[in-house]
Amino acid sequence: MNMKAPRGTVDLLPENTRKWQYAEKKIKDICDRYNFNEIRTPVFEHTEVFQRGVGDSTDIVQKEMYTFEDRGGRSLTLRPEGTASVARAYVENKLFGNPIQPTKLYYFAPMFRYERPQKGRMRQLNQFGVEVLGSADPAVDAEVIDLAMTCYKEVGLSSLKLVINSLGDSESRDNHRNALVEHFTPVKNELCEDCQTRLKQNPLRILDCKKDREHPAMKNAPSILDYLNDESREYFEQVKSYLTMMDIEYEVDKNLVRGLDYYNHTAFEIMSEAEGFGAITTLAGGGRYNGLVEELGGPDTPGIGFGMGFERLLMALEAEGKQVAIEEQLDCYVVALGEQAEKESVRILHELRAVGIKAEKDYLGRKMKAQFKSADRFNSSYVLVLGDGELEKQMINVKNLETGDQIEVKLQEVVSYMKETLQGGTGNE
RNA sequence: GCGGUCGUGGCGAAGUGGUUAACGCACCGGAUUGUGGCUCCGGCAUUCGUGGGUUCAAUCCCCACCGGUCGCCCCA
């Protein structure tokens with residue numbers, strides 16, 4: 001029996017979930033300020049959603065999908081990325097008919113890709129992402145990029161690089177594609193195996209091939225930027241000028257093409273420049289996908305979005321030495337001695353919690369000394385000591401662990417006493 | 001899919017071809033019969049990843065497999 005988590009998956013234990021919650025909270029708050037709303041789509045979709053959405057020629061569809069057949073013979077796939085699902089939901093729920101437009105959505109969800117795990121790469125990964133559907137305004141492109149950069153900055157990252165490019169509209173892309181085929185066909189046999197396939201399927205991706213990077217034909221390869229028609233060029237110029245207006249630094253990389261078929265016009269990537277980050281530096285990637293909604297059966301609707309790897313975000317924080325220290329602390333630990341006191345302590349614990357006090361007790365039948373140790377370990381501000389002696393007097397001892405001061409309080413009043421004391425701020429500062 | 005490296009208690013980490021597998025941390029108990037963070041004492045591995053082989057004998061040698069980790073491809 002194999003009782004280990006499957007390869008490429010991990011358990012996130014409390015020590016880590018605290019960090020996740022910290023980052024999630026910050027990011028959700030930013031989404032709210034930018035007026036984005038959360039969408040939650042199923043973890044799996046009909047396989048066609050990704051085949052059509054992400055594109056058959058992509059690595060994701062060709063070799064990375066978790067595809068299975070359900071008992072009804074349907075082919076389903078665990079989502080490898082967020083955009084196709086959101087676009088499908090947008091069409092299915094006719095969100096295009098909503099009077100509030102554009103539709104600004106965000107999600108925080110697990111994704112699945114069948115790959116060999118390594119640093120910063122998991123089979124189940126978590127992404128935060130946003131999608132804006134229904135506007136072809138370059139200011140929206142800039143807003144989405146701004147949002148992504150703001151998330152990183154407010155969470156605490158600083159060594160970032162934003163890289164952008166334009167893939168142009170379909171006319172520009174077609175012209176560029178033809179130019180690429182014409183350019184590379186004469187040297188086809190000198191290219192790597194993958195690129196020979198790409199030449200037929202998706203010549204654009206030859207440009208970011210790592211193996212053929214040094215090939216002489218790469219240096220003077222037709223750049224998409226030279227094939228942008230007037231409209232596409234103007235669009236790109238506007239996106240850039242908006243970024244400049246917001247003081248967002250960027251670098252144009254004409255070889256940035258992104259791995260998914262649906263992109264056009266703006267494509268961007270955000271990378272970490274922190275030292276010791278391992279082989280992986282891409283933190284987030286995104287772009288515009290104006291034909292996607294139509295491809296999935298909806299009306300012709302422009303869209304743009306990005307996906308941000310959450311594991312990588314946290315790795316980057318660590319690489320930059322940013323500690324996300326959220327110290328665990330307890331208001332009050334109830335030490336009980338004796339059978340009657342033990343029972344009474346359960347009631348007190350309940351009452352304390354009912355008025356908003358974070359409280360705990362021992363459940364392992366430990367001796368007093370060990371119970372105090374527990375209280376220390378929980379970093380408790382106070383300990384309430386209740387023994388049969390106190391119980392007889394209807395009193396309870398309240399001890400401040402920081403000062404060591406201890407006073408006796410009426411059992412009946414201990415909850416309100418604690419509430420007052422804690423609110424007075426004499427506890428843990 | 002390919003390549004490097006690793007696999008000893010809850011964690012970290014020594015170690016040897018031979019009937020008791022160091023040490024540190026953590027944990028539990030006691031010194032201290034009802035008051036903590038210090039100290040001292042004691043306790044804490046019957047699969048040394050799994051299976052097979054070599055050997056009188058293997059945790060240690062050999063092989064295979066599995067798993068972790070890092071890298072290639074690609075990406076978040």
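In what follows, every chain begins at residue 1, and chains take the letters A, B, ... in the order their sequences are listed. These figures come from a predicted structure and were not determined experimentally.
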Asks: Between B/G10 and B/G52, how far apart are the two C1' atoms, rounded to whole Å?
Replies: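 It works out to 31 Å between them.
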Asks: Output all residues satisfying side-chain contact (heavy atoms from CB on, under 4.5 Å) with A/N93, sequence neighbours left out; order by chain, then residue number.
Replies: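 By the side-chain contact (heavy atoms from CB on, under 4.5 Å) rule, A/N93 matches A/A89, A/L95.
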Asks: Could you tell me which residues satisfy side-chain contact (heavy atoms from CB on, under 4.5 Å) with A/T282, sequence neighbours excluded, listed by chain and number?
Replies: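 Expected list: A/E269, A/M271, A/R312.
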Asks: Taking the C1' atom of each, how far is B/C66 from B/A26, in whole Å?
Replies: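 30 Å, rounded to whole Å.
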Asks: So if I define the base as every atom that isn't primed, P, OP1 or OP2, how would nucleotides 68-76 of chain B read as a B/S/- string at a heavy-atom cutoff under 4.0 Å?
Replies: S-SBBBBBB
Asks: Between B/A58 and B/G17, how far is it from one P atom to the other, in whole Å?
Replies: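 It comes out at 14 Å once rounded to the nearest Å.
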Asks: Assuming nearest nucleotide by heavy-atom distance, tell me which of A/Y114 and A/R377 is located more 5' along RNA chain B.
Replies: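 The residue mapped nearer the 5' terminus is A/Y114.
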Asks: Can you check whether A/D362's main-chain N or O pairs, donor with acceptor, with A/Y333's side chain at less than 3.5 Å?
Replies: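 Present.
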Asks: Please state the C1' separation for the pair B/C2 and B/U59 - nearest whole angstrom.
Replies: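 Nearest-Å result for B/C2 against B/U59 at atom C1': 31 Å.
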Asks: On a whole-Å scale, what distance lies between the P atoms belonging to B/G49 and B/G7?
Replies: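 Between the two P atoms, the distance is 8 Å.
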Asks: Summarise how protein sits on nucleotides 34-42 of chain B as a single string, 5' to 3': B when a protein heavy atom is under 4.0 Å from the base, S for sugar-phosphate-only contact, - for no contact.
Replies: BBBB-----
Asks: For RNA chain B, what are the stems built from at least three Watson-Crick or G-U pairs in a row, each pair having both distances below 3.5 Å?
Replies: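 In RNA chain B, stems of three or more pairs: B:1-7 with B:66-72, B:10-12 with B:23-25, B:27-31 with B:39-43, B:49-53 with B:61-65.
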Asks: What residue among A/V187, A/N255, A/I206 forms side-chain contact (heavy atoms from CB on, under 4.5 Å) with A/M218?
Replies: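 Among the candidates, only A/I206 passes.
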Asks: For A/K63, which residues count as a side chain to side chain donor-acceptor pair (under 3.5 Å) partner, sequence neighbours excluded?
Replies: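 Side chain to side chain donor-acceptor pair (under 3.5 Å) check on A/K63 returns nothing, list empty.
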Asks: Using the P atom as the reference point in each nucleotide, state the distance between B/G29 and B/U35 in Å, no decimals.
Replies: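 Those two atoms are separated by 16 Å.
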Asks: List in chain and number order the residues that pass side chain to side chain donor-acceptor pair (under 3.5 Å) with A/N189, two or more places apart in sequence or in another chain; answer none if no residue qualifies.
Replies: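 Partners of A/N189 by the side chain to side chain donor-acceptor pair (under 3.5 Å) criterion come out as none, since no residue qualifies.
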Asks: Scan residues 409-418 of chain A for pairs that pass side-chain hydrogen bond (donor to acceptor under 3.5 Å, both in side chains), counting only residues two or more places apart or in two chains.
Replies: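 Qualifying pairs, neighbours excluded: none.
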Asks: Scan residues 12-32 of chain A for pairs that pass ring pair (Phe, Tyr, Trp, His ring centres under 6.0 Å), counting only residues two or more places apart or in two chains.
Replies: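 Passing the test, one end in residues 12-32 of chain A: A/W20-A/F310.
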Asks: With sequence neighbours excluded, tell me which residues meet side-chain contact (heavy atoms from CB on, under 4.5 Å) with A/N178.
Replies: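 Partners of A/N178 by the side-chain contact (heavy atoms from CB on, under 4.5 Å) criterion come out as none, since no residue qualifies.
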Asks: On a whole-Å scale, what distance lies between the C1' atoms belonging to B/A45 and B/G15?
Replies: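 The same atom, C1', in both gives a distance of 14 Å.
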Asks: What's the gap between B/G3 and B/C61 when it is taken at their P atoms, as a whole Å value?
Replies: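 Approximately 23 Å lies between the P atom of B/G3 and that of B/C61.
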Asks: Not counting sequence neighbours, which residues clear side-chain contact (heavy atoms from CB on, under 4.5 Å) with A/A139? List them please.
Replies: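 A/A139: side-chain contact (heavy atoms from CB on, under 4.5 Å) contacts with A/D137, A/Y242.
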Asks: Taking salt bridge (Lys or Arg N to Asp or Glu O under 4.0 Å) as the test, write out the residues that go with A/E48, two or more places apart.
Replies: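 For A/E48, no residue satisfies salt bridge (Lys or Arg N to Asp or Glu O under 4.0 Å) once neighbours in sequence are set aside.
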